[in-house]
Structures are given as C-alpha cells and as structure tokens.
Amino acid sequence: MTAVPPVDVERARARPTGHLRLARLVLSEYFTLVLCALYLAAVYPFVPEMLTAEVAANVLSDMMPLLVVAIGQTFVLVIAGIDLSVTAIISMAAVVGASVMTGTGGYLAGSPLAVPGAILAMLLVGLAIGAINGLSVTRLNMPSFIVTLATRMFFAGAAIWYTTFHSASSSIADLPAGFTAIAEGDVLGVPVTVLIAVAVAVAAHLTLSRSRLGRHIYAVGANPKAARISGVPVARTILITFMISGACAAITSVMYVSRMQTGSPIVGENILLDVIGAVVIGGTSLFGGKGKVLWTVFGVLFLVLLDTSMKLLGASLFAIFIIKGGVILLAAMIDTLRHRLMATR
Amino acid sequence: MKIGSRLLLLLLQNAPYVLFVVLLVAFGLMSDRFLAVANFRNIIIQAAPIAILAIGMTFVLLIAHIDLSVGASMYLTASVLALYFTGVPWPVGLAAVAVGGAMIGLVNGLVVTRLGVASFIVTLAMLFILRGIAMWLSNTRMLMFPDAITDLNRTALLGIPSAILAFLVVFALAWVVLHQTPFGRQVYAVGEDPEAARKAGLPVERITLACFVIAGLCAGIGGFVTISQIGAVGPKYGDQVEFAAIAASVLGGVSLFGGRGSVAGTVFGAILIKTVQNGLNIINADPYIYPLVTAAIIFLAVAIDGLRTRILERLEQRTIRPLSEA
Amino acid sequence: MTDSHPARTPPLLEVAGLTKSFFGVRVLHGIGYSLRAGEALGLVGENGSGKSTTMNILGGVHQPDGGAMLLDSAPYAPAGPGEAIRAGIAFIHQELNLFPNLTIEENLFIDGFPRRSRLIPLIDRAAIRRRTEDLLAQVNLDLKPGTPVARLSQGERQLVEIAKALGRSPKVIIFDEPTTSLTRREVDRLFAIIARLKARGIGIIYISHALEDVMTVCDHVTVLRDGALAGGGRRQDLSVPAIIAMMVGRSIDTVFPPRTVRPRAEEALVVEDLSQPGVAEAISFSIRAGEVLGLAGLMGSGRSELARMIFGLDRFARGRISVAGRPLENPTPITAMEAGIAFLTEDRRSEGLLMGFSVAENMVLTSLPAVAGALGLVDGRKVVDTAVSMARTVHLSTEKVSDTLVKHLSGGNQQKVVIGKWLLRQPAVFILDEPTRGIDVGAKQEVYRIINQLVERGSAVLLISSEIEELIGLSDRILTLCRGELTGGFERSPGPGPGFDREAIMTAATGVAVARTRTGTRDVA
C-alpha cells in the first residue's frame, strides 16, 4: 500500500522574485487594506482631518448602508453575475416604504404597525425585484448585466412615477419617529445602523463560508457544469443570490430613508459605481467563484475613504465621477490580472 | 420537438413586427393625428440620431460585445465642440465629433482587446469617466451651439431633411461595410465563434477593435445630428441613450450573443422605439411612464433574444447518428 | 505496399520514420506511409493509436521530432497549419469549421475574399458566386451559393467543407471520420465525390473507425497500433477481420487485480428502450448489483451521451430507467443522485472538478448534509475529517487535503478526488466514463482496485472505456455501442484466459453488420 504523493506544480517558483512579490501582493487577501493605508498616507498631507475622530465616525456611518448593498452584490458576483439594478431597488423600496408609513396619507399612517409594515414592504420590494432578475437570468437565458440594466431603468422610473401618487413634492416625507430613530439611535453607544450592518455581514459571512447554500454559490460561480453534475440546483442557487442582493439593497434603503427622513425616488441613483467598485476592488472576481464578505468590507472602506477625502478636498461631482469610474476600470483590470495570474499558477 | 422549437423560433423572430403593427393600430385608434403622414416624417426625423447610434452599436453587438459609453461619448464630444470649436463651419464640427467619438471607441476597444476586461464593465466605467470629463470641461453649464449647426436641422436636400439624409448615408455605408466588404463578413464570423474565426486565420483582435471604433464614430455622428436638432446640451444630454441604441438593435434582431442581425433590422428597431414614444406623446400619456415603457421594451427584446438563442443552440446540437434515414 | 506497384511515378506524399513525443512520452515510433496521386489511403487504429498525431503532423499542427516527409518529391516540413494549407494539404475535420450564420459562398472565402479592385475593399460578389457555383458543382451539391449554412444538413455542410478545401487546389485531402453523422444516402454521395477527387489526381487520406467504409473507399490501408505501424496493404489483400486483428494485436498486458465476488441476482440499474433522435435508438440493458458492465464503443458512438441521459443531464424522448427496482422518472442530476447513481464524467477538468478549490471542498460538494453541524452549517472539522478518511480510501496523500487546490494535483490524483467525491455517497450505481484517461499507470491500478472494492460492496458499475484491455480486464459483461445503437453483448467466459473475444468486440463496436441483429442484443440485455 503505497500512497502516491500529490505532485505540486509550482511553476511560480521559477519566476523572477520581483515579479513574484508583486504577484503575491496582488493576490493577497489584504491587498485592498494595503491600498487603503497607502491611500490614506498619500492624501494625509492634503487633508490631515482624515485622521480625526469626527471624520472617522463619519466614515464609519457612511460605510454602513454601502456595505450592506455591497454584500448583496458580492453574492451575485460570486455566481459570475452582476446586479446593476440595486440602485433602483433602493429607490423603489424607499418610496414604497415611505408610502406605507408616512403620516400624510400613508397606508398604515398612525398605526403601531406602520414601521414594521413599511420595513416588511421594503424587503418584499427587494425580494420581488431580485426574483424578477433571477428568473430572467435562469428561465429566459438573459445575460444578467442587461437584465439588471433594464430592471434598473424600469424601477428607477417606476419609483418616480409611484411618488407622484403619494406626494405633491418630489419625495415622501413625514415619516414616523420610530423609523427615523434607526439612523439616530444607538444601543450601548453602538449606532443601530452599525448593528444592522454587522448582523448582515455576519449572516452573509456564515452563509457564504459555512452554509450549504454558500458552497453551492461558489460551485456555481466556479464551474456551473461541474456544479450541476455534482447535484447542485444551479438555477435555484442563481435565483436565490439575486433575491439576497435585492433584500440587501432594501435594507440599505431602510438606512438611507431613516437618515434622510424622507422617501426619495432618487436616493439610490448615484451609488452604482460605489457598490460595484467596492466589491470588485475588494477582490471578488467578475469571473465568478471567488469572493468574501471580508474583502467587500475592505473594498467599501476604500471607496468611503476615497469619497470622504474628495469631499474634504472640495472635489466636485464630476471629479468624483471620473475618479470612481477610474477606480472601477482599475479594479476590473486588477481582477483580470489576478485571474490570469491564478490561471498560470 | 424540433418542429415545435422551429415554430416558437418563428414566433419569437417576428414578435417585434407584430408588436409594431399592434402599436400602429392601437395608437391609430386612440388618436387620428398619429397615422398622419407628417407624423411619420416626424418619427423618422426623431429616430435618426438613435438609429445612427444603434447602427454603431450593431457592430459591437455582432461580435458579442457591448458599448454602454456611447451616450457619455456624445456628451463629451458635444461639449468639446461647443467649447473649443466655436465658429467653425459645420463640416469641421462634424469631423471633430466623429474623430473624437472614434478615439473614445479606440480606447474602449484597446482596453477590451489588450487587457481582456469584459466590455460591459469597461464601457460602464468609461460612461462615468467621460461624463465626468464633460461636466468638468463645461462646468455643468448648458452649452449652446451656433446657428451654423442648428440651421442644418431646417435644411433639406432634394426635399429630404438633413437628419434623415445623415441617417440614410450612415445606414447605406454600414450596410455596404457589413454585407459587401471582407471586414463585414468577418465581423459575423468572429461574432458567431471567435475560436473558429481564429482558427480560420482571421485577425480577431483587430476586428474587435474596429467595431468599437465604428461604434464611437457613430456616436459622434449621431450626437452631431442630435445637437443640430436641439441646439443646446446640458449634463443630462445623452443620458441612457445607450439603452435606446441597444434596444433598437436587439429589437431589430441583433443578438447580444453575437453573430446575428443586420443594420436594416436595427433601423426598424429604432423606428419602433420612436414610434412608441411618439405615440405615447400623441395620446398624452403620463410622461413618467416613458422610461418604464422603454425599459419594458428593452426587457422584451432581450428576453426574445435569450430564448431564441437557447432554441437555436438546441437545434444546432451535434448528432451522432442521422435523425432519419430519409 | 508500394512495392507491388510498378513505380511509374514517384508517390505524391511519402512519409518515413516519424517520431514524436509529448512531455517525454513517445507517442509515435517511426510511422511511415506513402500516398500516390489519385489513390485513397485508409488510416485505421484504435483510439490513441497515433492516427491523430500522424495527421496533425501532416497538417502542420505539430512538428515531428524525427522522420521526413516528401510532398511531390520535395521536402515538406510545415511550421504551422497555414503553411500546410498553402502546400496543398486540406484537412476536413470531424468537427466542421463552418459559420452557420454566413452563406455558403461567404464560408468558402471568409479568410480571403476576392475584391473588386485593389483599392476598394468591396467583395467581388459575382466572382465568388461563379467560383462557388463551380466548386459546388465539383462536389455535386445543388444549392444556391447564397444559402445560409444554418439551413444545410450535416451531410451538405460536409460537402461545403470539401468544396472549401477544393477552392485551394489541394494535392491531398484528409478526411477525419467523415461519415459519423451522415445518412446512408449522404454517405453514398460522399463516396461518389471522393471517387471523383481521386480521378482528378488528388490523394485522399481517409481516417475512420467504420472499416467497411474504409474498404469501400480506399486502395490501401495502413493500420496503426500504439504509435507504430501494425500492418496494412492493398485493399484486395485485406479483409475487415484481418484489419481488426492488426488493430487489436497483443499489447502489453496490464495486470488487473483479481476479484473475489460474483454479481448478485438483483438488478441495480435497468434501462429500457432509451431513445433520443440523433443520439440513441432503443437502448435496453441492465446491471446487477456487484457487477461491472463494460460499454465498448468508439469515439462518437454515443457512450457518453447514454451516460448523460441516465444521469439526467440530457433529455431523452422515450424510455424508462429504474434503480434498484424503483422507477426514475424524468431524471435530473439531483433525483439521479438521490436514487443512488454516481457519475464520473469523461472530462474531469471542465465537468468533474472545481479546479480552483481544495481537495476537501471538492470531495464534500456531493454530500454537504453529511458534513453539516449545528444549525445546518457546514462543519469545517467534519469536512476535513470526511475528506481525510476518503483520501485514505482512495490512496490520496492526506497531508494537503484541506489546503491543496486540485489544479495543483497530477491527473491521477485529480481523478481520485472525483472518485472520492462520489464514493462519499456510497452509490448503488457508479457510471465511470473513461476513468483512466490521461492518468499514469500507478493511478490506473488504483482506479482498478477501487472499482473492485465497489463491486465487492455490492455496487453496480457501468464502465465506459476506449481501452478495450481495460474493459476485458474488469468487466463481467461487455456491451458494444455504435452510432447510438447497441450492436452486441458479450459474457465473460469462465476459466483462465482473457475471458472475452477481443476481435469480436472490436467488430461489433465498429458496427460491422455481423453483430447488428436486434434480437441478439435484446437477449443479452
């Protein structure tokens, strides 16, 4: 009985060390964290306020809504899909939730069930749009990016239209105090939004790394053919990831609406780049099969640092557009580079 | 099974035409202004810029790529034209935006071919970058265009309005390139099966690059026609026209999976989309539902494409024994 | 073989002493053959005998390590496929290389359209139409040059491919398994065309498993076995049985571990009347618990397709499947697995494994509930323990089970991971499609040992293999499949000796009419 030892193919060893060191950094789990530190060091001379407690607290609170929606996006990217509709889900959930609980003509105005009812409605909106996306991909054989572009356009328009039935102004205000407390409240000094985001992150981490569903998600993303032959319900797994993404976007919507104290149909409009940028720069691959919640946390941190520093520098909207567009492009290039490095190792 | 599939395929492939007839009848019944000849002329004039854009998009879709940056490209080239080419005669202006658009297409194409990044993410990033640059250059102001350009909209040659003329020229050129040149036929081959095309010795990368350049070029020209029609551009200019262009192509039978479709179909798709918008306008529909309708049309078009592709794949499946000893 | 001909003219193509190694493994040991203008040479041999490598060298895809080729008496050593084409070698592959979305004429000229003038890049439509009409007439294809290829049948597409080759005025045309998906009428038409090509002085090399076709078409036959010449000669001097005898020969005996158990009485898998147009026709068989049923068939015979249908991966139009007496209606991979079927696919890289994942992650993918702990979450320790114990069972080093990515393993070890992944489910029926392809001798022995263990435990095994030695060494019974139909069934004969008649199996697998009696196959099924 002689066991044949596995033969390691370590071609990487033969490479020049400089190349190898760079490759190792790019492939490292903490690449984005290093990037964050480098970025901080680079901008610190221009915006020393970056390292004050006040700004740090701001960074933290800005991170939370983005983190939740980015975590949902992580699930979809791991199955090699993409969900561009999250911004529209946030907007649609915002106006639907607000229309349920607003004091002026809300469906549940004044009822003790107003707040839970509104939150439930928002989650249902997220799940429903996620289901539409997922079913279109699995049943109708549509590429996910174009499905979600179409649903994004549709529900962004629908949110604005919906608002016209519930408010004379451009958004639905007069929300109950119980709801706005989500953004302001804290438990033992920890903001409620942070608690929610941490809960989502922990649940998502456990799902991806420990649950049967998580294993299925990675398998589908890495090799749908092999996954199917191994008994993974491929179509159902894809559907579920889109629904998770929708639900996460709805939770983000809850956070934004309570912070702004109004249900605006354009609340999500401008964060698409931040969501995709954060997840991809974090290291989750556009090619599927690879991604972690922790990476997305780092990616969101990087994006929020970028955002905060640019605001402190007084950059205009267009500068932010250019830089974030550049970040996505860069992140996608790094992703491709990583993919190629992995293929040759 | 095969006969059923073929029937479904036939139905799917003709769905846009059925939709067009249904729309004509429906809008015609709702308003007697809709079926007037003058209105059709209007529809075609309105459809001209989208059609030009969509013709460029067709080249990119034929090789199974996509360009989401054409709307932003229009805005940037228009801004550069308004800011730095004041007082030039219109042909110089047209050349400027066309070259500018082509250069943007070249950048897209280079990133896609050289770095191997998925085209939708490259062009999505470019969308924001180009729009940001344009807003930076223009400082988000409304930019006005001189009469030399806006007069074009009132000009006609042999009774054909300039917008329609521009569209016809682009259409004719694109048709000739796609159907009568070696390059055009090779575009179809690359889109059908890039691996087989490579094996057949075709320069796949160069063809891909050229398609992105053509999409950019058409964005420039389509943008110029739009400018002549509206006379001024602001930060919302060109927003989401890429969707209209994609929808026009896909409705006209161009597949997102590459290799299938033609510019004639694309032109039909552009007219269909403008007919919808025109009809909604004429029956005084709630303006808020316009984007909803457009999005629904895109969705429908892509769903048809997805199902059709799946059926075609099934029909093309290799067999190991003859289906029948006929 | 040329000796018998009076050497009036030198041969069109003369090849001598070709050798070729891949990764240090020699696959060709001095192959030589010659082809005269206007003659057809049949090239036959089992899978892996060196036919493809020989032809890929002729087609410029590979370069030989040694040996020489003469084309028209001039040294010929193509550096790439382009050079081979220009030298006049045309290769009609089994997988046709046409673009169905283009017309016939466009396909013929896709890599070099004639232009109307040097300056304007417009296709000279009139010229390509004329030339296409001419080429189509040469292959007797009565179609308009502007017909889209998507509308053509397989046979018509093949003729278009031949027309494409003719457009380059070839000296030699290589046909690789040209008749696989053709109807009888299309085959007859193809043979008529080949006869005309010969009459025009073109040399034909015809590769096929269908030996009767080879005998119809070819003037000479060369038989390869294990990368070396096994025989050949003029058609008149050969017979199908003689060719089969040369193909099979007697290769190095692999030692198969002895098995102590006999198949049990109960049937583990019953397949009845399984049919799908274009893929399978009325396939019926059963496997008993503790039995190894070998499935012999040449590439493209429908072996893998049959396995995929049973496992619920491909649809079938008609037929019944039952596992351990329970019917398996409309199987999907999930229901097939629940019924107790396991499936090791032919292509381990693209269908069997998640290459970028660890050994443990791959192994537990099929049995996640078994490694779940509290709250139904996957228990990392259980995953590793389960994988480690399975690694011991399949003789895979246990050291790196949790952190070695399978893409870093050798082919043999990768295969053990796939096997282990299925063994964790303790399958009642294990379908193994080419389980020893591309793995070394040691790993092969391990696979044989595992198969024995499986049947000793009472599982049923459906073994699909291109290596007839392997089927003979391991199977209790062997069925042969050809063009989607069962063509023969063989029982192991008791007592010493190989247990099976290799030549009879080869004959049935190549579809020679002898074994094509329906009743015969039903009896053994």
Side-chain angles (χ1 to χ4, degrees), chain A residues 80 82 84-85 88 132 136-165 265 270 272-273 276-277 280 286-287 315-337 339-340, chain B residues 64 66 68-69 72 111 114-140 235 240 242-244 246-247 250 256-257 286-311 313:
Chain A
I82 195 161
L84 301 172
S85 72
I132 294 172
S136 305
V137 169
T138 56
R139 292 293 166 91
L140 301 177
N141 192 29
M142 295 162 76
S144 63
F145 83 89
I146 195 92
V147 169
T148 55
L149 272 178
T151 51
R152 173 172 185 242
M153 191 172 174
F154 186 88
F155 287 103
I160 296 172
W161 193 35
Y162 185 84
T163 309
T164 62
F165 296 107
N270 281 329
L272 181 65
L273 280 185
I276 308 288
V280 179
L286 287 164
F287 298 94
S316 49
L317 179 63
F318 45 79
I320 294 176
F321 264 23
I322 298 172
I323 290 172
K324 286 187 185 162
V327 166
I328 288 214
L329 201 53
L330 188 72
M333 287 179 192
I334 294 175
D335 179 38
T336 309
L337 177 68
H339 193 71
R340 288 191 180 165
Chain B
I66 201 155
L68 299 176
S69 72
V111 177
R114 292 291 150 88
L115 301 175
V117 185
S119 56
F120 83 88
I121 201 96
V122 171
T123 54
L124 183 70
M126 284 295 278
L127 185 166
F128 285 94
I129 295 172
L130 299 176
R131 205 156 266 289
I133 297 173
M135 285 157 77
W136 175 46
L137 294 178
S138 66
N139 224 342
T140 67
Q240 302 204 326
E242 56 274 7
F243 297 123
I246 294 166
V250 178
L256 286 170
F257 302 92
D286 189 337
Y288 288 114
I289 71 163
Y290 282 35
L292 273 67
V293 172
T294 312
I297 292 176
I298 296 178
F299 189 89
L300 182 79
V302 179
I304 290 173
D305 181 37
L307 289 176
R308 183 185 55 178
T309 306
R310 183 175 283 178
I311 295 171
E313 271 167 12

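Keep in mind that the numbers below use all heavy atoms, side chains included, and drop hydrogens, waters and symmetry copies. Naming: A, B, ... by sequence-line order, numbering from 1 per chain.
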Among B:I304, B:D286, B:I297, B:I298, which has the most heavy-atom pairs under 4.5 Å with chain A? B:D286

With only heavy atoms counted, which part of B:F120 is less than 4.5 Å from chain A, the side chain, the backbone, both or neither? side chain

Which atoms of B:R308 are under 4.5 Å from chain A, going by heavy atoms: the side chain, the backbone, both sets, or neither? neither

Check: B:S69 side chain, B:T123 main-chain N or O, donor-acceptor pair, under 3.5 Å: no

Side chain, backbone, both or neither: which part of B:A118 has a heavy atom under 4.5 Å from chain A? neither

Less than 4.5 Å apart, side chain to side chain, heavy atoms only: is that true for A:P265 and A:W161? no

So, for B:G132 and A:F318, which heavy atoms are closest and what is the spacing to 0.1 Å? O-CB, 3.2 Å

Pick one: which of A:I146, A:L149, A:V147 meets side-chain contact (heavy atoms from CB on, under 4.5 Å) with A:L84? A:L149

Could you have a look at B:I246, B:L124, B:V250, B:I66 and say which one has the most heavy-atom pairs with chain A under 4.5 angstrom? B:I66

Please classify the contact of A:I276 with chain B as side chain, backbone, both or neither, using a heavy-atom distance under 4.5 Å. side chain

Which portion of A:L329 sits near chain B, non-hydrogen atoms under 4.5 angstrom: both

Tell me, out of B:V302, B:I129, B:L292, B:V117, who's got the most heavy-atom pairs with chain A below 4.5 Å. B:L292

Name the region of B:L256, side chain, backbone, both or neither, that has any atom closer than 4.5 Å to a heavy atom of chain A. side chain

Most heavy-atom pairs under 4.5 Å with chain A, out of B:F128, B:Y290, B:Y288, belong to B:F128

Would you mind reporting whether B:I133 and A:F321 have side-chain heavy atoms less than 4.5 Å apart? no

Around atom CZ of B:R310, are there more than 12 heavy atoms from other residues, nucleotides or ligands closer than 6.0 Å? yes

Is there side-chain contact between A:F154 and A:I132, with heavy atoms separated by less than 4.5 Å? no

So for A:I82, is it side chain, backbone, both, or neither that comes closer than 4.5 Å to the heavy atoms of chain B? side chain

Just so I know, are the side chains of B:Q240 and B:T294 near enough to count as touching, which here means a heavy-atom distance under 4.5 Å? no

